[in-house]
Structures are given as C-alpha cells and as structure tokens.
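What's counted below: heavy atoms across the whole structure, side chains too, no hydrogens, waters or symmetry copies. Chain identifiers are assigned alphabetically (A, B, ...) following the order of the sequence lines, protein sequences preceding nucleic acid strands; residue numbering begins at 1 within each chain.
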Amino acid sequence: MAENVRPRVRVPKTAAAGEVITIKSLISHKMESGQRKDGDGNVIPRSIINRFVCAFNGVVVIDVTLEAAVSTNPFFEFEAVVPEAGDFTFTWYDDDGSVYEETKSVAIA
Amino acid sequence: MKLQNAIAAAAILSFAGTMGFAQTDSELTVEGQFISTEADAPAHMENVSTVYSGWRFRSEDTQAMQMDDFDNSGFVFVDDGLALMASVDGSEGRSCASCHEDVEDFAGLKAQLPRVNDSGELETMEDLVNTCRTERMGAEPWKYNGSQMAAVTAVIGLQSRGMPVDVAIDGAAESFWERGKDLYYARVGQLDLSCANCHEDNYGTMIRADHLSQGQINGFPTYRLKNAKLNTVHSRFSGCMKNVRAEPYAIGSDEFKALELYLASRGTGLSVETPSIRN
Amino acid sequence: MAFTRRKMLILGSASFATAALAGLPAFASLTDDAIMAITGGAETSDAGITLTAPEIAENGNTVPVEVSAPGATSIALFASGNPTPSVATFNFGPLAGSQTGATRIRLAKTQDVVAIATMADGSFLRASVTVKVTIGGCGG
C-alpha cells in the first residue's frame, strides 16, 4: 500500500432526476513516474495510480487509464447523469496492487 | 566589488527583462467570498507603497486553482491535518482535538504569528504545535517542516483565512523584528543577493520565466505546483537561499524565525490565504 | 525531343525515387505510433473536438488541460515531447453526462499536447495545442 494515500471527491448531495452534475475527484498520490533517479543514480521505479473508475449504482460513468504524465495527486473533473437516487463509487487502482475506494450518495431533490 | 554585484544582479534579472509586467488586476474570491490581495504598505516599509499577495503574480490558471476549495489540491492535506488532529498520540492519551474541540476556535491565531511569548521567546505556529505535543500530549515533536506539521498548520491557518495579517513588531518583538529586517536586506551567497534585491527592488518583473512576487508569506503553508504538496515558510526560505547559492540557515533557526516575523510584518493588511496555491 | 537512354534513365530514377519516398511513412515518432495504434492510420478530422491547455504553463509539473468531444466513446491524450507520450485515456460510460474530461498533467518541455477522440460511429477526431514550458528564474 503506498503511503498516505487519501481520496477526496466532490459530488452534490442532491440532484433532479436526469440532471447532469459535475464531479471532481482527487487522490493524494506521489505518481512516481519512473523517470527520476535516486542519489546513487539508480532509476526509481514507476509507481502510479494507473486507473480511475467512477460508477453510479454499478453503471460506469467514466473509466480513466492513467500514465506517468498525470500530475502528482491525480485530479479529474467530469460530468455524470443522475437518473435516480443512489451511490457514486470511486475506485483508484495502484501499480502496487492497492485499490482505494470512496462512495458518495446522491438523493433526488 | 559593487560593479561585480551589479552585473551579477543585472545579468540574472534582465534576461527576459525589458518586458516586466506588474501584478495582475484580478480579484480573488474563494468559494464566493472576496479576499483582498492588496493593501497600503505598512509605515515601516520605506520603499514600497502597496503590498500585493503572491496570488496576484501567478498565471490565470494558477489563480483559478485557489478560487475553489476542491480545485485547490492543498485541501487534501488539510484533510490529513484534520485526521492527525483527531488521532491520539503520546503518553497522555490525548489528541489535539481532546482539548481543541473545535478548530474554528483557532480563528485569528495565524494572523498574529509569529509572536513573543511570556518567556520572551519568539514563537511560530510550529513552536506552538510542538510545545503542545511535548508538554501536554507527552508526544514526540514533529519535524518542523515535515508533512504532518505542514498539514496541521494548514488546518489552523485556514481558520484565519480572509483575516488581515497583524503581527506585533514593537515592545518585546522589536529586537527580533530588527534582526529579521537586517537579514532581509543582507546580501548573501555566491550570487550576492538579498531578499530585497528581487522582492522589493524587482517585484513584478520577470526573472527568466518566473513572475517575481513581493515574497509575501500570507498564504503559507502553500501548495506549490512544482512539488505538488504543502510547503512551509522555512522550507521556502531555505530554497530561496540555495537559489542564490548561499548556505541556508537551519529550519526552525532563530534567523528564520526573525525573518518570518519581519516578512509577516511586510504583509500587514493582506489577508491570510492559507492554504494558497503558488508556483 | 528525343528520349535518349540517358534521359530515360534520369526520368526513370527520378520517378522511382519519388515513388519510393512517397511510399515511405513520414518519420515516425512514439506519439505517431501510439496514435496509429488507436486510429489504424485512418484520417482524423479536427471538427467537433476541443482541447484546452495554457499557452504558457506556469509550471511543467502541474499543467491543467481539458478535452471535450461530444459523441466520443473515448479520448486519449498525448504529450508528444515527453519521454513516454501517453498521458491518459478517458473512456466514457453509459452514465457520462458529457464526453468531457479535465485533469492536470506533467510536461517535460515545450511541446504539443494531442487529443485523439474515438467516436461512436468509428471515426476519429484530433486536436493539438502547443504548450510552452519554461524554467523558473530562481532555478526552482
């Protein structure tokens, strides 16, 4: 498990049925690119978040493949349709096998 | 000797230099709340009439990042800070939150720091945190410019966001302030530059592709795009000194604390912007 | 004019050379390879895709970019001047509210950021923006 990885998401608490909302997501992660070298000149191996998925009640909203050029603390902003009340799940997959998750519920106004 | 210095300074500063442009006119609103980014310079500043926050010298995209508490990635570290403050640490079985139940009670604190305590010592926020940890929590002190300290000082500083910086520079603070002022104007390093050479004499101009600010510290700890994390004031002082190829004073040293007091006073009237976004 | 053997030879070799050069692929880059892997060499249009990035990046470590292509199933981003050009691919699911994505990326130097959208009808769109990446004055 990479150290000190903290997800953060912004989702409105309520929406009208069928409304398009803006979602922002962030996760604190170094995104070690594999380009850097340590003090002895050895390459520090790549270790990044390689995939981010947002789904609502199990249906995919967006599925992002990340490479090393995504900045430290990967940030995404995108839009989702809210057909009914339910849960947004956010999943981040780490090169080291760890999986980080966050869930936010939305009620229909 | 003077000519050498002048040439060295001119060489560095005039690179893209004839095309200096001043601070932007943009206004800072965060989460809809207007935050002032300029003020009349305090009386003790002889060579500057208006003080501007570092925000005013950044590109539009960078400025935009600070205007929303989600786009501002510093907030993920504020979350870390809140978690740290809620966790028990040390022999007394307490967390910060055991005594400081509501972080909002810290409002106004950052705006007055650094300040002189009853024992006549100049205290920074880091000192206050570590004093609490060692004397009241029975915990190990945190590394002065480490990530835990940066996270917690960001939480505390945030409670003063929007409030005007107002540090005492007279009475018991005067000798520290004078020392800080001397340090600010002293040329150091292989490049023989003082803080003033860039941040007072040349703010608003371009140094290569960087837009030089007044070097204000009202937004610290700041999330820097260059290292994608919160940076403390002393870390920044240290970096600046290395950039002029000087041996930096130690993190947490008397020199840096005095400099911090002097610099805070140069920002009197600017709003606290913690956690800010800078280059 | 009589076509001497010399003239035939010159004309012949010229057209052979032209034919040979025309047949060669343009000098291929890693980015071109990556894009070829998506499009299979198909033509790309530049209408209907928007790529937004700053003209001058304040810091190459964190450059905000946004891409939008209504009707796309996915959009791939490339940084053609980076050691590895692939940046990210946005794949839009059934509940995507729009085919738009914004993120922050690392650019090693001044270069073109390229976006390739794969459309639902199998066609491809392409947009490119040049972003200047500079060195800070203080060496930091």
Side-chain angles (χ1 to χ4, degrees), chain A residues 10-12 15-27 29-37 43 46 48-84 86-89 91 106, chain C residues 30-31 34 37-38 52-54 57-109 111-116 118 131 133:
Chain A
R10 176 178 280 183
V11 178
E19 187 181 341
V20 171
I21 61 168
T22 300
I23 294 183
K24 299 186 190 189
S25 75
L26 180 85
I27 187 162
H29 192 285
K30 213 156 172 229
M31 298 291 283
E32 188 63 66
S33 64
Q35 297 292 332
R36 297 198 312 158
K37 294 194 175 142
V43 171
R46 171 185 136 150
I48 67 168
I49 298 284
N50 59 49
R51 187 176 172 211
F52 165 70
V53 182
C54 170
F56 183 76
N57 288 349
V59 180
V60 173
V61 174
I62 197 169
D63 186 339
V64 188
T65 312
L66 291 77
E67 304 285 348
V70 174
S71 296
T72 301
N73 307 328
F75 167 93
F76 293 109
E77 181 174 344
F78 52 94
E79 294 190 322
V81 182
V82 185
E84 66 216 354
D87 293 332
F88 279 100
T89 55
T91 314
V106 181
Chain C
L30 287 176
T31 310
I38 296 176
T52 311
E58 175 114 68
N59 191 298
N61 199 35
T62 311
V63 184
V65 301
E66 182 173 339
V67 65
S68 173
T73 55
S74 71
I75 306 177
L77 273 179
F78 299 96
S80 56
N82 274 4
T84 50
S86 290
V87 178
T89 305
F90 296 96
N91 298 292
F92 302 105
L95 285 184
S98 65
Q99 288 74 44
T100 307
T103 185
R104 295 166 188 168
I105 70 177
R106 295 166 170 156
L107 296 177
K109 57 179 184 174
Q111 60 185 282
D112 289 343
V113 176
V114 181
I116 302 286
T118 304
V131 179
V133 177

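Counting heavy atoms from C-beta outward, A/E67 and A/R46 have side chains that approach closer than 4.5 Å. In this structure, C/V65 and C/L77 have side chains that are in contact, with non-hydrogen atoms separated by less than 4.5 Å. A/P83 has its side chain within reach of A/F56: a pair of non-hydrogen atoms, C-beta onward, lies under 4.5 Å apart. Annotation: side chain of C/T103 is not in contact with side chain of A/F52 (no heavy-atom distance under 4.5 Å).
C/V63 touches chain A through its backbone: at least one of N, CA, C or O sits under 4.5 Å from a heavy atom, while the side chain does not. Contact annotation for C/N82: only side-chain heavy atoms (C-beta onward) come within less than 4.5 Å of a heavy atom of chain A. Using a 4.5 Å cut-off between heavy atoms, A/S25 makes no contact with chain C at all. Using a 4.5 Å cut-off between heavy atoms, A/P74 makes no contact with chain C at all.
Screening A/T22, A/V106, A/D87 for a side-chain contact (heavy atoms from CB on, under 4.5 Å) with A/V11, the sole residue that qualifies is A/V106.
No other option in C/A76, C/G93, C/P83 has as many heavy-atom pairs under 4.5 Å with chain A as C/G93. Chain C forms the most heavy-atom pairs under 4.5 Å with one residue out of A/N57, A/N50, A/D63, and that residue is A/D63. Interface check for chain C: of the options A/I62, A/V20, A/V53, A/N73, the most heavy-atom pairs under 4.5 Å are formed by A/I62. Taking C/G101, C/A108, C/S86 one by one and counting their heavy-atom pairs under 4.5 Å with chain A, the maximum is reached by C/S86. Note on A/V59, A/L66, A/V82: by heavy-atom pairs under 4.5 Å with chain C, the leading option is A/V59. For the options A/A69, A/A55, A/A80, heavy-atom pairs under 4.5 Å to chain C are most numerous at A/A69.
Side chains of A/T91 and A/R51: a donor-acceptor N/O pair is absent below 3.5 angstrom, by distance only.
Ring-plane geometry between A/F76 and C/F90 is classed as perpendicular, the angle between the planes exceeding 60 degrees on a 0 to 90 degree scale with a lower cut at 30.
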